[in-house]
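Note that the structure is predicted; figures quoted are calculated from it, not measured. Residues: numbered from 1 along the sequence shown.
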Amino acid sequence: MKVFWSRIGWILAFALTAVSSAFAQEEIVCDQYHFNYYLVNPAVAGAERCTHLMLTGKFQWTGIDDHPMTQTLSARTRILNNVGIGAYFYNDKNGYSYRQGGEVTFAYHIPLTQNDRYVMKQRSIQRQLSFGLSMMVNHFNFDNYLVDTYGTLDNVLGNEGMDKGIYFNANAGLYFLWDNFFLGYSMSNLIPTEYTEMGLDEPIRPLSGYGFLGYDFDFVNNMTLEPAAMFKFDVNGDRQLDINLKFMQTIPSNEDFSYWLQASYRHTLDDSDYSPAPLAFYAMGGIRFKGFHVGYAYQVGLTSFNRQNGGSHEVMLGYTWCVTKHFCR
């Protein structure tokens with residue numbers, strides 16, 4: 001009997017995952033933007049004259065069996081004078097469902113000052129307007145060894161419950177930098193895409209948007225305080241606001257070493273029968289030594305469900321082929 005209810009539970013869990021994937025697929029990668037703004041905005045690719053390579057891992061709902069896990073590998077660089085390129089790949093496991101995919105990016109950067117010169121140990125570009133476009137590919141499959149799918153009429157569990165096809169999409173964004181102020185806006189799911197192999201009732205992935213802005217306040221001893229905000233929304237009325245506060249310092253006696261600390265608060269603003277409510281609190285930090293970056297984030301869920309698990313952990317490893325005072329977004 002225990003095995004029976006376990007199987008029923010996994011069937012229901014997968015059905016919920018299949019229905020919600022049209023709304024939350026982009027969250028798999030973009031939720032890690034505090035390590036890498038490129039994951040939410042293609043215009044960030046090549047926004048600095050540096051090359052960035054980054055590996056991230058997120059482990060959600062620790063303490064629960066088969067908890068979600070996501071890994072990303074991204075790279076971005078500046079080529080020629082005004083062209084940026086980038087790419088990322090992701091792998092996501094949620095129970096017995098799996099998603100893999102990625103995107104490739106082209107960006108164009110327009111300098112807004114005449115003396116826009118490259119300085120190795122300072123932010124190389126002071127004022128700039130950037131545009132980016134990415135082509136995306138996503139693959140979905142399901143490990144069905146707990147479920148007998150022989151003779152099923154369910155399109156989700158059919159096809160041996162495994163391969164659910166490859167789906168293409170696109171996103172676009174702009175990124176504006178003016179001295180210590182930065183602003184970004186992007187739209188994803190530009191191509192109305194149906195998960196045809198997931199069933200006839202599977203909704204089209206909604207057009208989604210991301211807007212972020214922030215400002216760097218510089219203080220003595222190479223200290224910087226950066227308040228910032230991120231707003232996420234889609235055409236179905238799902239809305240979410242993040243408020244971030246980051247402290248950064250490059251050690252005055254050793255400019256090869258920097259560290260940062262950040263606190264973030266997440267709040268839902270969804271159009272629904274429920275009132276807006278807190279979702280999560282993040283505490284995070286990282287260090288830089290020369291071109292190497294290491295970061296860690298811990299999320300405390302503020303919903304009734306999230307209080308029943310051990311929270312979420314994220315780690316980041318990166319390398320930058322140049323040295324900048326400010327941490328690369």
Side-chain angles (χ1 to χ4, degrees), residues 25-52 54 72 74-88 90 102-116 118 123-137 168-193 205-216 226-235 238-244 246 269 320 324 326-329:
Q25 176 102 17
E26 64 273 9
E27 297 296 330
I28 292 174
V29 174
C30 297
D31 195 41
Q32 302 179 50
Y33 73 88
H34 40 253
F35 288 143
N36 189 356
Y37 274 89
Y38 166 59
L39 297 179
V40 297
N41 192 326
V44 177
E48 294 182 301
R49 294 192 180 100
C50 298
T51 298
H52 308 289
M54 186 171 293
T72 69
S74 64
R76 51 193 170 100
T77 189
R78 185 89 162 229
I79 61 175
L80 305 177
N81 288 328
N82 301 93
V83 176
I85 57 174
Y88 76 70
Y90 77 87
E103 71 176 39
V104 293
T105 301
F106 173 86
Y108 189 79
H109 308 282
I110 302 173
L112 300 179
T113 59
Q114 294 181 351
N115 298 320
D116 190 12
Y118 180 35
R123 177 181 290 172
S124 58
I125 297 171
Q126 299 294 330
R127 299 175 181 179
Q128 180 176 261
L129 180 62
S130 306
F131 301 90
L133 178 65
S134 292
M135 297 303 299
M136 309 167 63
V137 59
F168 296 92
N169 219 303
N171 62 7
L174 62 86
Y175 178 60
F176 176 71
L177 178 65
W178 189 269
D179 296 331
N180 286 13
F181 174 77
F182 62 94
L183 170 73
Y185 180 78
S186 61
M187 298 295 296
S188 64
N189 301 329
L190 296 178
I191 303 173
T193 302
R205 292 187 61 191
L207 183 68
S208 302
Y210 299 85
F212 62 83
L213 57 84
Y215 190 90
D216 290 342
E226 181 184 284
M230 165 74 78
F231 181 61
K232 308 176 186 179
F233 63 94
D234 65 32
V235 295
D238 296 326
R239 297 176 297 170
Q240 183 175 291
L241 176 66
D242 291 4
I243 299 176
N244 309 312
K246 177 186 287 186
L269 304 171
T320 300
T324 58
H326 292 254
F327 284 88
C328 304
R329 297 189 185 94

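The backbone N or O of H109 lies less than 3.5 Å from a partner atom in the side chain of N82, making a donor-acceptor pair. For N180 (side chain) and Y215 (main-chain N/O), no donor-acceptor pair under 3.5 Å exists by modelled atom type. Judged purely by atom type and a 3.5 angstrom limit, E226 has no side-chain atom pairing as donor or acceptor with the backbone of G214.
The closest side-chain heavy-atom distance from F176 to Y185 is not below 4.5 Å.
By the side chain to side chain contact (heavy atoms under 4.5 Å, CB included) test, S186 pairs with N41, P42, Y210, sequence neighbours left out.
Considering every non-hydrogen atom in both N189 and S208, the closest pair reads ND2-OG, 3.8 Å. Nearest heavy-atom pair, S74 versus Y88, reported as atom, atom and distance to 0.1 Å: CB-CB, 3.6 Å. When every heavy atom of A170 is checked against every heavy atom of M135, the shortest pair comes out as CB-SD, 3.9 Å. Heavy atoms only, all atoms of each residue included: R78 and E48 are closest at CB-O, 3.6 Å. Taking both residues in full, the closest heavy atoms of A43 and F131 are given as CB-C, 3.8 Å, listed atom of the first, atom of the second, then distance. Taking each heavy atom of Y38 and A87 in turn, the nearest pair found is OH-N, 3.1 Å.
Note that CG of N171 and CD of E103 are 4.5 Å apart. Values are rounded to the nearest 0.5 Å. With values rounded to the nearest 0.5 angstrom, W178 atom CH2 is found 13.5 Å from L183 atom CG. Put simply, CG on L112 and CG on L177 are 8.5 Å apart, with the number rounded to the nearest 0.5 Å. To the nearest 0.5 Å, the span separating CD1 on I110 from CG on L174 amounts to 10.5 Å. Taken to the nearest 0.5 Å, the CD1 atom of I243 stands 5.0 Å off from the CG atom of L241.
Side-chain contact of Y33 with D242: a donor-acceptor pair under 3.5 Å is present, judged by distance alone.
Ring-plane geometry between F233 and F231 is classed as parallel, the angle between the planes falling under 30 degrees on a 0 to 90 degree scale with a further cut at 60.
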Stepwise side chain to side chain contact (heavy atoms under 4.5 Å, CB included) test for H52 and N36: CA-CA 10 Å; H52 308 289; N36 189 356; over 6 Å; no
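The only option from V44, T51, T105 that meets the side-chain contact (heavy atoms from CB on, under 4.5 Å) definition with R76 turns out to be V44.
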